[in-house]
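First comes the structure, then the notes that go with it.
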Amino acid sequence: MRSVTYSMNVSLDGYIVGPDGGLDWSAPDEEVFRFWIDGIREVDVHLMGRRLYETMLYWETADQDPSLDDSSLEWAALWKPLPKVVFSTTLSAVRGNARLASGGLAEEIGRLRAGPGEGDIAIGGATLAAEAAASGLIDEYRVVVHPVLVGGGVPFFPRHGRRVDLELVGTRTFGSGVVHLRYRVTGRSRASGRGAE
């Protein structure tokens with residue numbers, strides 16, 4: 001069965017966006033960017049909320065930017081054709097190789113898992129990932145930890161009051177001090193304080 005993965009940059013204190021909405025602390029160096037490029041090759045479809053979709057729209061036309069370096073051009077060439085499903089209650093249309101979700105998150109994931117393909121079903125964005133986590137739909141957490149404390153903002157891990165047992169299946173330390181941690185969900189999720197269900 002295809003894995004549902006949640007992977008984003010995160011500060012050491014657990015946030016994907018700082019309190020001021022800033023992301024400058026997560027700008028990758030060449031080594032980390034190469035890691036992201038290699039990782040997107042394993043993805044068959046990317047599920048995202050409106051904010052992440054709008055942030056990533058840049059890459060739909062980035063290949064027309066004459067100032068881009070080879071790595072950025074390579075990322076754009078991989079990202080642009082990647083199928084994307086956007087979950088939004090405010091957008092009426094999306095661009096590029098994207099479509100608006102026609103059902104709920106669990107329904108979309110069920111349909112994608114049942115369909116053809118062997119690559120990952122990636123989820124991006126904290127709100128959408130929190131919904132997936134609360135429903136027990138995430139198979140792997142892939143955390144790219146940056147050596148910075150931002151002091152608040154949007155948390156990577158959802159605060160849904162459920163225990164999720166994890167198995168460490170991979171790590172990598174980069175020259176910049178960034179660390180990648182890959183965890184597979186192994187145990188049954190349990191509501192806090194209630195023990196096994």
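As the structure is a computational prediction, the values presented were derived from the model and not from experiment. Count residues from 1 along the sequence.
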Any residue meeting side-chain contact (heavy atoms from CB on, under 4.5 Å) with F157, in chain and number order, not counting sequence neighbours
Y141, V143, R159

Among residues at least two apart in sequence or on other chains, which ones pass side-chain contact (heavy atoms from CB on, under 4.5 Å) with T171?
L168, L181

Using the test side-chain hydrogen bond (donor to acceptor under 3.5 Å, both in side chains), find all partners of E131 that sit at least two apart in sequence or belong to another chain.
none

Sub-4.5 Å side-chain heavy-atom contact between W36 and L78:
no

Apply side chain to side chain contact (heavy atoms under 4.5 Å, CB included) to residues D165 and Y183 and explain how you reach the verdict.
CA-CA 9 Å; D165 295 322; Y183 290 95; over 6 Å; no

Roughly how far apart are D65 CG and S72 OG, rounded to 0.5 Å?
8.5 Å

Might you work through the side chain to side chain contact (heavy atoms under 4.5 Å, CB included) test for L112 and L47, ending with a clear yes or no?
CA-CA 11 Å; L112 290 166; L47 313 183; 3.7 Å; yes

Between D44 and R2, does at least one N-O distance fall below 4.0 Å, as a salt bridge requires?
yes

Heavy-atom closest pair (L137 atom, A106 atom, distance to 0.1 Å) is CD1-CA, 3.8 Å

Are F156 and V17 connected into the same hydrophobic cluster when the rule is that any two of I, L, V, M, F, W, Y join if their side-chain heavy atoms are below 4.5 Å apart?
yes

So does R51 pair up with E54, basic N to acidic O under 4.0 Å?
no

Could you go step by step and tell me if M56 and W79 meet the side chain to side chain contact (heavy atoms under 4.5 Å, CB included) rule?
CA-CA 9 Å; M56 297 302 286; W79 180 260; 3.8 Å; yes

Is there side-chain contact between L100 and F87, with heavy atoms separated by less than 4.5 Å?
no

Heavy atoms, side chains only, cut-off 4.5 Å: are P28 and R34 in contact?
no

Taking the side chain as C-beta and beyond, is there a heavy-atom pair between V179 and V144 under 4.5 Å?
no

Is L52 reachable from L23 through a run of I, L, V, M, F, W or Y residues, each pair having side-chain heavy atoms under 4.5 Å apart?
no

Does a side-chain heavy-atom distance below 4.5 Å link H146 with S11?
no

Consider only side-chain heavy atoms of I, L, V, M, F, W and Y, link residues closer than 4.5 Å, and tell whether L57 and L82 are in one cluster.
yes

Under a 4.5 Å cut-off applied to non-hydrogen side-chain atoms, are T186 and L166 in contact?
no

Listed by chain and number, what are the side-chain hydrogen bond (donor to acceptor under 3.5 Å, both in side chains) partners of N97, not counting sequence neighbours?
none

Under 6.0 Å from the CZ atom of R172, do we count more than 12 heavy atoms belonging to anything else shown?
yes

Parallel, tilted or perpendicular for F174 and F35, by the 30°/60° rule?
perpendicular

Answer yes or no: is there an ion pair linking R142 with D120, defined by an N-O contact shorter than 4.0 Å?
yes

side-chain contact (heavy atoms from CB on, under 4.5 Å) against A98, all qualifying residues, sequence neighbours excluded
Y53, K84, V86, V94

With a sphere of 6.0 Å drawn around CG of D69, does it hold more than 12 non-hydrogen atoms of other residues, nucleotides or ligands?
yes

Using every non-hydrogen atom in the two residues, find where P81 and A76 come nearest and quote the distance to one decimal.
CD-O, 4.3 Å

Tell me, with the steps shown, if S71 and E30 meet side-chain hydrogen bond (donor to acceptor under 3.5 Å, both in side chains).
CA-CA 8 Å; S71 294; E30 182 62 27; 2.4 Å; yes

If you measure from CG on N9 to NE2 on H180, what distance do you get to the nearest 0.5 Å?
10.0 Å

Contact summary for W25 and G18, nearest pair of heavy atoms:
NE1-N, 3.9 Å

T5 vs I138 side-chain heavy atoms within contact, under 4.5 Å:
no

Indicate, with yes or no, if M8 and W59 share a hydrophobic cluster defined by side-chain heavy-atom contacts under 4.5 Å among Ile, Leu, Val, Met, Phe, Trp and Tyr.
no

Would you please test I123 and I109 for side chain to side chain contact (heavy atoms under 4.5 Å, CB included) and show each step?
CA-CA 10 Å; I123 292 183; I109 288 175; 4.1 Å; yes

Which heavy atom in S176 sits nearest to a heavy atom in P147, and how many Å separate them?
O-CG, 3.9 Å

Hey, does the side chain of S135 reach the backbone of A132 with a donor-acceptor pair shorter than 3.5 angstrom?
no

Any side-chain heavy atom of D13 within less than 4.5 Å of one from V150?
yes

For the CD atom of E42 and the OG atom of S7, what is their distance to the nearest 0.5 Å?
10.0 Å

Listed partners of T90 passing side-chain hydrogen bond (donor to acceptor under 3.5 Å, both in side chains), at least two apart
S88

To check you understand the geometry: which heavy-atom pair defines the closest contact between G125 and Y6, and what is its length?
O-CE1, 4.1 Å

Are L105 and M48 connected in the hydrophobic side-chain network, where two residues link if heavy atoms are under 4.5 Å apart?
no

Decide, yes or no, whether a salt bridge links E167 with R182 under the criterion of side-chain N to carboxylate O below 4.0 Å.
no

CA sep, side-chain torsions, deciding dist, call: S102, E108, side-chain hydrogen bond (donor to acceptor under 3.5 Å, both in side chains):
CA-CA 8 Å; S102 57; E108 286 284 351; 3.2 Å; yes

In Å, rounded to the nearest 0.5 Å, how long is the span from OG1 of T55 to CZ of R50?
9.0 Å

Side-chain ion pair, D139 and R113, N-O less than 4.0 Å
yes

Can you label the angle between the W75 ring and the F33 ring as parallel, tilted or perpendicular, going by 30° and 60°?
tilted

